[in-house]
Structures are given as structure tokens and as C-alpha cells.
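Have a look at the structure below before the remarks.
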Amino acid sequence: MNYKRLNPAIIHLETVDSTNNYAANLLKTSKITNGTVIVTKGQTAGKGQRGNSWESEDEKNIILSIILFPEIQPKDSFYLTIAASLAVHKTISLHLNNVKIKWPNDILVGQKKIAGILIENQIKSSLITSSIIGIGINVNQENFNSGIQATSFKSELNQDFNLENLLNELYLNLDFYINLLMENNFKILLARYYENLYKFKVPAKFEIGAEQFTGLIQGVDATGKLIVRRDQISANYDLKEIKFVF
Ligand code: BTN
């Protein structure tokens with residue numbers, strides 16, 4: 001696929017239920033260009049991973065979805081996760097230290113979550129025909145629901161951050177990493193993902209069901225499952241099977 005956002009189409013919304021839902025409707029009803037972005041000041045029903053909601057105070061954070069027509073095979077879909085994670089990671093680490101990607105695509109500062117990504121793919125005849133990449137970054141919000149280990153630019157730096165500048169940096173980084181993907185630079189993407197992966201090849205605590213253990217992340221397999229070595233034996237886990245213990 002040829003991905004060059006020379007004239008990026010950016011749709012600005014005051015408020016919306018979810019930018020991912022808006023993007024999905026747009027895909028059904030309009031002819032849109034590759035790389036179209038939907039950005040909003042607030043969501044009334046923001047969606048997170050695993051059916052969770054994504055809470056974000058109005059006008060304080062980055063909330064957007066980007067629509068791609070990647071035409072890659074579903075077996076390579078984890079590279080969309082990798083490209084998006086790297087773009088968000090890069091944008092944040094230009095300003096903050098100790099930024100890591102927690103498998104598969106949470107962005108942490110230290111052990112606190114600063115950004116989340118929700119990717120929804122449409123598949124037809126064994127190709128990913130379109131992909132909606134939803135990104136939420138905590139920027140100027142300081143209070144989070146109890147029970148969530150979250151942080152933001154403002155919590156880390158004690159000052160307000162310019163949302164517009166950060167958005168522009170994010171667009172550039174998305175373009176860069178999506179181009180790497182579209183040019184099939186899978187090896188480079190995976191190497192960069194590992195460089196920035198939380199607890200990569202260092203002892204980390206995990207939970208499977210009621211059992212906790214210490215293991216070493218060896219990498220991810222071709223389908224995006226996490227490969228964890230425990231007592232000299234490696235096994236591959238999907239998101240429903242394994243959890244980090246903080
Ligand atoms: C997660 O970590 O649970 C994923 C959060 C993804 C949130 C973003 S905000 C923009 C886009 N629209 C949504 O409804 N969700 C994503």
C-alpha cells in the first residue's frame with residue numbers, strides 16, 4: 001500500500017461517543033482517504049481494551065482515531081499494534097523519561113499507564129481491508145479513578161502541556177512508523193518494539209488464573225502472543241491468559 005499523507009484529512013469534533021465508532025460509521029458511509037484522522041475534545045462512551053471503558057476529562061487529553069487501509073494479511077496484524085505503539089511511545093518519550101511499551105500496547109511511565117491503544121480491524125477475503133487505530137494519551141488530566149495506576153504529562157511534569165504541539169508530533173511519528181510497516185520493514189519494527197518493551201528479558205511477575213510466578217519475556221510470536229520462559233520452558237500466551245503483576 002502506498003501511504004503518504006501529504007494532505008492529511010483531519011476531522012475535528014467537539015464531542016462524540018467514541019472516535020473509533022465514528023470512524024467505523026464513516027467507513028460505511030463515505031469515501032475516505034488513507035490516514036484520515038478523527039480527533040475530539042471529549043468522548044461520552046470511550047472504549048478501552050477487553051470491553052472496558054476509556055475515561056478522559058474533556059479538553060485535557062489526546063483522543064483520536066486514525067483510519068488505515070493497510071491491505072496486509074491478518075497473520076501480520078500484530079505489526080499494526082507494533083507500529084502504533086512505537087509512534088505513541090516515541091511521542092511521549094520525546095518529553096518524559098522511563099517510557100515503556102507494556103505488551104501488547106499500553107504505554108507506561110515507570111509503572112503507571114499514560115496511554116492506551118484500541119485497534120479494530122475489518123477483514124475481507126483474508127486481507128485487513130481497513131483498520132481503525134484509536135489512541136488515548138493522558139496529557140493535562142491529573143485525577144484518575146481510584147484503582148487505576150495512571151499518570152499524565154501534567155502529573156509527571158507539574159505543568160500544562162500544549163495539546164496541539166503534541167498532536168502534531170504524534171501525526172509525524174504515526175506517519176513514520178506506518179510507512180515502515182507499509183514498506184514491510186517487519187524486522188526493524190520488531191527490533192524497536194523489543195528495545196522499548198517493558199520487562200523484556202528481565203525477571204517479571206505474572207499471573208495465570210490464580211497462580212503467580214516469575215518469568216522472562218522472550219519476545220512475541222508471529223500472532224502477537226507473549227513468549228514467557230519459566231523454569232527453562234517457554235510458552236506463548238494471549239491477552240486473556242496472562243497478566244502482569246505489579
Ligand atoms: C485501552 O488501553 O484500554 C485502550 C484505550 C483506547 C482509547 C482510545 S481514545 C480514542 C479511541 N476511541 C475510543 O473509544 N477508544 C480509543
What do the steps show when you test Gln212 against Lys205 for side chain to side chain contact (heavy atoms under 4.5 Å, CB included), and what is the final call? CA-CA 7 Å; Gln212 293 196 348; Lys205 260 194 154 180; 3.8 Å; yes
Do Asn105 and Gln49 meet the criterion of a side-chain donor-acceptor pair at a distance under 3.5 Å? yes
When you look at Ile119 and Ile132, which way does the side chain to side chain contact (heavy atoms under 4.5 Å, CB included) test go after all the steps? CA-CA 6 Å; Ile119 301 182; Ile132 298 168; over 6 Å; no
What's the shortest heavy-atom distance between Ser18 and Ala45, and which atoms? CB-O, 3.6 Å
Flag, side chain of Asp106 to backbone of Lys102, donor-acceptor distance under 3.5 Å: no
Is there side-chain contact between Ser85 and Ile117, with at least one heavy-atom pair below 4.5 Å? yes
Would you say that Leu118 contacts Asn20 through its side chain, given a criterion of any heavy-atom pair below 4.5 Å between the two side chains? yes
Minimum heavy-atom distance Leu127-Glu71, with the two atoms named: CD2-O, 3.7 Å
Determine whether more than 12 heavy atoms belonging to other residues, nucleotides or ligands lie under 6.0 Å from atom NZ of Lys90. no
May I ask you to test the Val37-Ile67 pair for a side-chain heavy-atom distance under 4.5 Å? no
Minimum heavy-atom distance between Asn34 and Leu68, given as atom pair plus value: OD1-CA, 3.2 Å
Worked check of side chain to side chain donor-acceptor pair (under 3.5 Å) between Lys47 and Asn52: CA-CA 6 Å; Lys47 300 191 295 186; Asn52 292 325; over 6 Å; no
Say whether Ser56 and Asn61, considering side chains only, have a donor N or O and an acceptor N or O under 3.5 Å apart. yes
The test is side chain to side chain contact (heavy atoms under 4.5 Å, CB included); show your working for Phe176 and Leu86 and say whether it passes. CA-CA 10 Å; Phe176 178 80; Leu86 286 170; over 6 Å; no
Could you verify whether a donor N or O on one side chain and an acceptor N or O on the other, from Asn173 and Thr91, lie under 3.5 Å apart? yes
List the steps, then state whether side chain to side chain donor-acceptor pair (under 3.5 Å) holds for Asp17 with Thr44. CA-CA 5 Å; Asp17 56 350; Thr44 53; 5.7 Å; no
Measuring only between side-chain heavy atoms, which start at C-beta, is Lys41 closer than 4.5 Å to Asp58? no
Considering the options Phe213, Trp103, Phe206, which one meets the ring-ring contact (aromatic ring centres under 6.0 Å, His included) requirement together with Phe244? Phe206
Could you give the distance from CG (Leu166) to CG (Leu94), rounded to the nearest 0.5 Å? 8.5 Å
Cluster check Phe161, Val109: I/L/V/M/F/W/Y, side chain < 4.5 angstrom: yes
Is there a continuous path of hydrophobic side-chain contacts, each under 4.5 Å between heavy atoms, that joins Val139 to Ile135? yes
Using 0.5 Å steps for rounding, measure from the CG atom of Leu96 to the CZ atom of Phe153. 4.5 Å
Compute whether any side-chain donor of one residue and acceptor of the other, for Ser130 and Gln122, lie under 3.5 angstrom apart. yes
Under a 4.0 Å threshold between the charged nitrogen and the carboxylate oxygen, would Glu195 count as salt-bridged to Arg192? no
Does some side-chain heavy atom of Lys225 sit less than 4.5 Å from a side-chain heavy atom of Val220? no
Decide whether Tyr194 and Val99 are clustered together by the hydrophobic rule: side chain heavy atoms of Ile, Leu, Val, Met, Phe, Trp, Tyr closer than 4.5 Å, transitively. yes
Evaluate the side-chain proximity of Ile217 to Lys201: yes if any heavy-atom separation is below 4.5 Å, no if none is. no
Looking at every heavy atom in both Phe200 and Gln218, which two are closest together, and how far apart are they? CE1-O, 3.6 Å
Are Leu239 and Phe246 co-members of a hydrophobic cluster defined by side-chain heavy atoms under 4.5 Å apart? yes
Between Asn138 and Lys113, is there a side-chain donor-acceptor contact under 3.5 Å, judged purely by atom types and distance? no
Please tell me whether Asp221 and Thr223 have a donor and an acceptor in their side chains that are separated by less than 3.5 angstrom. yes
State yes or no: are the ring centers of Phe78 and Tyr193 separated by less than 6.0 Å? yes
Is there a donor-acceptor contact under 3.5 Å from the side chain of Ser234 to the main chain of Ile227? no
Is any side-chain heavy atom of Lys28 less than 4.5 Å from a side-chain heavy atom of Asn25? yes
Stepwise salt bridge (charged side-chain N to carboxylate O under 4.0 Å, His left out) check, Lys154 with Glu142: CA-CA 7 Å; Lys154 187 160 186 188; Glu142 286 179 288; 3.7 Å; yes
Counting N and O atoms only, with roles assigned by atom type, does the side chain of Gln141 sit under 3.5 Å from a partner on the main chain of Glu57, one being a donor and the other an acceptor? yes
Enter the distance from Tyr79:OH to Gln73:CD here, rounded to the nearest 0.5 Å. 12.5 Å
What distance do Ile137 atom CD1 and Ile92 atom CD1 have between them, rounded to the nearest 0.5 Å? 4.5 Å
Is the closest side-chain heavy-atom distance between Ile10 and Tyr171 below 4.5 Å? yes
I need the Asn236 CG to Glu241 CD distance, nearest 0.5 Å. 9.0 Å
To the nearest 0.5 Å, tell me how far Ile178 CD1 sits from Ile133 CD1. 5.0 Å
Crowded around Asn143 CG? As in, over 12 foreign heavy atoms under 6.0 Å? no
Assigning hydrophobic clusters by single linkage (Ile, Leu, Val, Met, Phe, Trp, Tyr; side-chain heavy-atom cutoff under 4.5 Å), is Ile66 placed with Ile63? no
Minimum heavy-atom separation for Phe144 and Ser155, please, with both atom names. CE1-OG, 4.3 Å
Verify whether one side chain among His95 and Glu156 offers a donor that lies under 3.5 Å from an acceptor in the other. no
We want to know whether Ser131 and Asn121 form a side-chain donor-acceptor pair, criterion being a heavy-atom distance below 3.5 angstrom. yes
Check for a donor-acceptor pair, side chain of Ser93 on one end and backbone N or O of His89 on the other, with a separation under 3.5 Å. yes
As a test of understanding, state which of Ile128, Thr33, Thr129, Leu27 forms a side chain to side chain contact (heavy atoms under 4.5 Å, CB included) with Phe69. Leu27
Taking all heavy atoms of Val202 and all of Leu216, pick out the closest pair and write down the distance. C-CD2, 3.0 Å
Just by modelled atom types, is the Ile38 backbone N or O under 3.5 Å from a matching donor or acceptor in the Ser65 side chain? no
Give me the one residue out of Leu172, Asn162, Leu64 that meets side chain to side chain contact (heavy atoms under 4.5 Å, CB included) with Leu167. Leu64
With side chain to side chain contact (heavy atoms under 4.5 Å, CB included) as the test, would you mind laying out the steps for Tyr198 and Gln111 before giving the verdict? CA-CA 9 Å; Tyr198 176 72; Gln111 297 206 329; 3.2 Å; yes
